[in-house]
Amino acid sequence: MVGPEAPIEVREFPEPELEPGAALLRTLASEVCGTDVHLWHGRLPEVPFPIIPGHINVGVLEGLRGEILDLDGKPFREGDLVTFLDVHETCGRCWYCLVAKATTRCPHRKVYGITYSAREGLLGGWSEKIYLKPGLKLLRLPAGLTAEAFIAGGCGLPTAVHALERAGVLPGDTVAVQGCGPVGLWATALSALGGAAQVITLGAPRHRLALARKLGASATIDITGLSSAERVEAVRERTGGRGADVTIEATGAAEAVVEGLRMTRDAGRYVIVGQYTDSGAVSLNPHHDLNRKHIEVRAVWGIDYAHLYRAVQLLARWTADLPLADMLTRRYRLAEAGEALRDVENLRVVKAVLEPAAG
Ligand SMILES: [Zn+2]
Ligand SMILES: [Zn+2]
């Protein structure tokens with residue numbers, strides 16, 4: 001990705017030399033995430049174009065220099081099927097790492113596929129091979145979890161895991177989910193798995209809402225043609241007029257935030273996860289929308305290793321029961337990356353996956 005709105009180019013790079021502690025991954029699958037579309041639209045500042053996008057990846061370890069151990073102390077081997085946390089170089093020494101314990105806000109944080117330039121190496125997944133820097137946090141897929149099933153969870157699942165951690169859904173709660181892209185779909189599934197009595201998913205287009213129902217939504221609301229007030233009313237009429245106990249925003253549209261506050265009950269909780277890139281400003285009434293509602297608002301920035309780890313464990317447990325094949329609408333070869341990006345941009349697919357090893 002050479003710059004905002006510029007055509008995607010395929011470029012050749014030399015095979016990298018491994019420094020001590022580094023490894024090389026042969027990429028089996030890399031997601032084309034909504035964030036990649038936002039990057040391409042120039043909505044995230046300070047992206048060092050040209051970049052190799054692809055922040056959620058899975059592949060086969062092809063080379064290692066020195067010993068790299070997993071969480072259980074077992075060494076990684078060539079041929080292992082692994083993923084890794086895209087976030088790298090969180091320092092463990094700064095105020096945010098040590099005091100706030102919020103590594104996602106560490107100022108030294110770097111992200112594969114987003115904050116590394118292609119000039120720095122193969123540091124993104126839209127590439128036949130990915131250079132795994134020393135200290136990168138790898139995760140071996142458990143037996144029975146395929147690369148395909150993992151990428152069906154993709155970026156949306158660990159992001160939704162983080163959102164659910166912040167949401168604190170209790171058994172019997174009613175959860176409203178705004179948005180039915182991958183994050184909204186996984187927030188729907190996790191709410192249902194976590195014991196919500198009702199999960200109401202709002203979004204469009206229809207094929208995504210149908211998938212939301214397969215993943216556990218008890219009701220879906222097609223937002224096409226509905227006013228903001230009508231959407232709020234649609235949630236209220238399913239909740240005794242009160243609104244949802246917990247609402248999770250996963251839309252990427254700034255206007256959705258005011259609407260989400262209003263579809264949440266008084267003294268409920270609102271979790272904002274869909275504003276990873278800048279979608280503009282909105283105005284709200286602090287008296288009506290915040291204080292008087294006695295509402296708790298929480299926001300989510302990125303993921304840490306725990307969210308990726310939990311996502312992988314959950315997928316391994318439920319892989320046969322979840323409609324994972326339905327998440328993966330289409331696979332693309334590397335040369336088709338531009339087309340994949342446009343398909344995600346225009347919501348023609350639920351999830352687009354690049355398969356660089358396929359040529
Ligand atoms: Zn730090
Ligand atoms: Zn993503």
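In listed order, ligands and their atoms are each counted from 1.
With values rounded to the nearest 0.5 angstrom, Glu128 atom CD is found 13.0 Å from Glu355 atom CD. How far CD of Glu89 is from NZ of Lys110: 7.0 Å, rounded to the nearest 0.5 Å. In this structure, Asp266 CG and Lys293 NZ are separated by 5.0 Å, a value rounded to the nearest 0.5 Å.
For the pair Glu17/Arg65, no side-chain contact is recorded, criterion being any heavy-atom separation below 4.5 Å from C-beta on.
Taking the six-membered ring where the residue is Trp, Tyr276 and Trp301 present parallel rings, their angle staying beneath 30° rather than reaching 60°.
Linking ILVMFWY residues whenever their side-chain heavy atoms come closer than 4.5 Å, directly or via other members, leaves Leu322 and Leu209 in distinct clusters.
Under the 4.5 angstrom side-chain criterion for Ile, Leu, Val, Met, Phe, Trp and Tyr, the cluster partners of Leu284 are Val257, Val258, Leu261, Tyr270, Ile272, Val282, Leu290, Ile295, Val297.
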Kindly list each side-chain donor-acceptor pair under 3.5 angstrom involving residues 195-206, sequence neighbours excluded, with atom names and distances?
| from | atom 1 | to | atom 2 | distance (Å) |
| --- | --- | --- | --- | --- |
| Gln198 | NE2 | Thr174 | OG1 | 3.3 |
| Gln198 | NE2 | Arg238 | O | 3.0 |
| Thr201 | OG1 | Thr188 | OG1 | 2.9 |

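Around the Zn ion (ligand 1), the protein contributes the following N, O or S atoms under 2.8 Å, ordered by chain and number: Cys91 SG, Cys94 SG, Cys97 SG, Cys106 SG. Protein N/O/S atoms closer than 2.8 Å to the Zn ion (ligand 2), listed by chain and residue number, are Cys33 SG, His55 NE2, Cys155 SG.
Donor-acceptor pairing under 3.5 Å is recorded for the side chains of Glu259 and Ser228.
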